[in-house]
Amino acid sequence: MVQLCIATRDGQFVARYSEKGLAELDFPPLDRGRRGNESQTSLPGKPNEGSPLRQPIPAKIRDWHRATEAALQSILAGREPKKFPPLDAAGTAFQQSVWRELRKIPLGRTKSYGEVARQIGKPKAVRAIGGACGANPIPVLIPCHRVLAAHGKIGGFGGGLDWKRKLLGREGIEFQT
DNA sequence: CATCAAAAACTCC
DNA sequence: GGAGTTTTTGATG
């Protein structure tokens with residue numbers, strides 16, 4: 001499992017890769033009220049030079065990482081990425097089907113928990129859908145933030161509602177309070 | 001290991 | 001406001 005960082009204007013994300021693809025993506029801490037990063041400033045230049053970080057990054061992971069970084073930056077800027085890295089999100093069969101469904105939501109569009117529930121053939125599992133979304137290890141690329149509660153209500157968000165509001169705003173999506 | 005109980009990013013009446 | 005559904009997770013025997 002390899003871990004790499006992605007610096008964006010919204011902070012530093014952390015991406016983790018398995019042998020099969022991107023496995024996890026973490027939000028940087030979002031402290032509201034303050035603009036931009038603060039103590040996050042890792043020294044630019046060569047990362048991890050001199051630190052006990054063994055095992056060089058395989059070439060294929062560097063490729064994936066480039067794709068991840070570009071895709072992430074695109075979405076944060078409100079543009080549909082042209083390319084995605086292979087995803088290797090681990091989860092139950094139910095969760096995988098939910099995540100598959102989420103990836104079909106185009107940027108700038110939304111879907112309700114109820115709609116997702118119907119589309120995976122379990123119309124009454126709306127509540128469980130919420131759970132699956134919360135378990136999503138790769139936010140942003142798997143657009144769990146594009147799932148709203150019924151009537152365009154914001155619903156909840158694992159990484160903090162501020163992130164959800166921000167992401168939706170970047171995509172030009174309107175929602176209720 | 002099999003079971004049970006509780007909680008959850010929901011919906012609908 | 002409250003009950004109904006499904007899935008996951010952690011405790012219990």
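Each chain gets a letter, A, B and so on, in the order its sequence line appears, and its residues count up from 1. Just so you know, these numbers come straight off a predicted model, no measurement behind them.
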- Note on the structure: Smallest heavy-atom separation, A/I138 atom then A/A89 atom, equals CD1-CB, 4.0 Å
- Closest approach of A/K83 and A/A71, non-hydrogen atoms and distance?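 For A/K83 and A/A71, the tightest heavy-atom pair comes out as O-CB, 3.6 Å.
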Checking [X] now: which residues fulfil salt bridge (Lys or Arg N to Asp or Glu O under 4.0 Å) with it, not counting sequence neighbours?
| X | answer |
| --- | --- |
| A/E19 | A/K60 |
| A/E101 | A/K104 |
| A/R16 | A/E24, A/D26 |
| A/R127 | none |

- Residue pair A/K166, A/L76: steps toward the side chain to side chain contact (heavy atoms under 4.5 Å, CB included) verdict: CA-CA 9 Å; A/K166 174 180 276 210; A/L76 289 178; over 6 Å; no
- Can you list every pair that meets salt bridge (Lys or Arg N to Asp or Glu O under 4.0 Å) and has a residue in residues 68-78 of chain A, with sequence neighbours left out? none
- Message: Taking salt bridge (Lys or Arg N to Asp or Glu O under 4.0 Å) as the cut-off, I'd like each qualifying pair that reaches into residues 90-100 of chain A, sequence neighbours left out, listed once.
- Response: none
- Residues A/I154, A/R165; criterion side chain to side chain contact (heavy atoms under 4.5 Å, CB included); working and verdict: CA-CA 8 Å; A/I154 183 77; A/R165 281 190 274 261; 4.1 Å; yes
- Distance, rounded to the nearest Å, where A/K153 contributes NZ and B/dT11 contributes C1':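 After rounding, the gap between these two atoms is 8 Å.
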- Message: What is the distance, to the nearest angstrom, from the CD atom on A/Q176 to the P atom on B/dA9?
- Response: 21 Å
- Message: Test: ring-ring contact (aromatic ring centres under 6.0 Å, His included). Region: residues 3-23 of chain A. Which pairs qualify, not counting sequence neighbours?
- Response: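 Those involving residues 3-23 of chain A are A/F13-A/F27, A/F13-A/W163, A/Y17-A/H65.
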- Message: Once ring-ring contact (aromatic ring centres under 6.0 Å, His included) is applied, what residue pairs with a partner in residues 93-116 of chain A remain, sequence neighbours excluded?
- Response: none
- Item | First encountered from the 5' end of DNA chain B, between A/H145 and A/H151 |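 So the residue in question is A/H145.
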- Query: When hydrophobic residues are tied together by side-chain contacts of less than 4.5 Å, even through go-betweens, does A/V2 share a cluster with A/V14?
  - Reply: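 No: no chain of side-chain contacts under 4.5 Å links A/V2 to A/V14.
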- Query: By a strict heavy-atom criterion of less than 4.0 Å, which residues belonging to residues 100-136 of chain A are in contact with DNA chain B?
  - Reply: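 Contacts with DNA chain B under 4.0 Å: A/S112, A/Y113, A/G114, A/V126, A/R127, A/G130, A/C133, A/G134.
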- For DNA chain B, the dot-bracket notation using Watson-Crick and G-U wobble pairs below 3.5 Å, [ ] for pseudoknot-type crossings and | for other-strand pairs, is ||||||||.||||
- Query: What is the per-nucleotide protein-contact pattern of nucleotides 1-7 of chain B, from the 5' end, where B denotes a base atom under 4.0 Å from a protein heavy atom, S denotes such proximity for sugar-phosphate atoms only, and - denotes neither?
  - Reply: -------
- Query: When you list every nucleotide of DNA chain C with an atom under 4.0 Å from a heavy atom of chain A, which one comes first 5' to 3', and which comes last?
  - Reply: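 Listed 5' to 3', the contact boundaries are C/dG4 to C/dT8.
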